[in-house]
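Everything below concerns the one structure shown next.
All values below were derived from every heavy atom in this structure, side-chain atoms included, with hydrogens, water molecules and symmetry-related copies excluded. Not measured: the values here are computed from a predicted model.
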Amino acid sequence: MKNIKPLIREILVIGIILLIMFLDFEKIIPGFSYLIPIIFILGSLYSLIKRIKYHRNEKNNYVGIETSNDSYYRTTPFIFGTIILIGSIISKIYFTIDLTLFSLLITLGLFQIIIGLFFIPSGLISFTTNSIKFQIENFNEQIQLETIEKIELFRNSLTINKINGETSNINFVNLTDKDKTKLENLLNENLVKHN
């Protein structure tokens, strides 16, 4: 479900842009052409703040795990930002676009590119005092730490071995060396307390 949300958001954005292109909302709602970029700028600002907070990780109780789809999610803001910047510059040069709208579009394009610099992996493993929560692709599960015997980390998968003999495999991950080291440290820290 987590991977569908960005796709739905992108389809919604493209749909709104197409709707605006084919319908003349400016006659219906004066100033409408300013409203849409402002809404997207506010959404981009919220996303940027969320991404900065993720990268700070002051509690150090979670680690982002890249999945096999993350190369797409990593490049999308750069593509949208570049398209918006180029489109606004072309609109300013060849069409009659006023300075306010031009400035809003340039700001939106720059925000999108900056958002791309603060990438958040789509997989997440977080720790609470008694449990570990996995949110990776279709594997969304919270497991009590005392039930875990060990967790094996591989480049493309994770294996969770429980004390009762159950095994869960999480595939489609793309563990970088940095993420693997951070995850190993967090696992050692948290699993040692409960075993």
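- A donor-acceptor contact closer than 3.5 angstrom is absent between the side chains of Asn130 and Gln144.
- At distances below 3.5 Å, not a single donor-acceptor pair connects side-chain atoms of Tyr54 with backbone N or O atoms of Phe118.
- Judged by distance alone, the side chain of Ser88 and the main-chain N or O of Leu85 form a donor-acceptor pair under 3.5 Å.
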Audit row: Lys162, Glu141, salt bridge (Lys or Arg N to Asp or Glu O under 4.0 Å) steps and yes/no: CA-CA 13 Å; Lys162 295 183 183 177; Glu141 194 172 321; 3.5 Å; yes

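- Side-chain polar atoms of Ser44 and Gln112 form a donor-acceptor pair below 3.5 angstrom.
- Of all non-hydrogen atoms in Leu105 and Ile84, the two that sit nearest each other are O-CG2, 3.2 Å.
- Under 4.0 Å is where a charged nitrogen must lie from a carboxylate oxygen, and between Arg155 and Glu66 no such pair does.
- With His55 contributing its side chain and Lys50 its backbone, the two residues share no donor-acceptor pair below 3.5 Å.
- A donor-acceptor contact shorter than 3.5 Å is absent between the side chain of Ser131 and the backbone of Thr128.
- The backbone N or O of Ser122 sits less than 3.5 Å from a side-chain atom of Asp70, completing a donor-acceptor pair.
- Of the possible donor and acceptor atoms, none in the side chain of Ser47 sits under 3.5 Å from a partner among the backbone N and O of Gly43.
- Contact of the Ile151 side chain with the Phe134 side chain is registered, since non-hydrogen atoms from C-beta on lie closer than 4.5 Å.
- What you find for Phe154 and Leu175 is that their closest heavy atoms are O-CD1, 3.1 Å.
- Shown here for Ile120 and Arg51, the closest heavy-atom pair between the two residues is CD1-CG, 3.3 Å.
- The distance from atom OG1 of Thr176 to atom CG of Leu183, rounded to the nearest 0.5 Å, is 10.0 Å.
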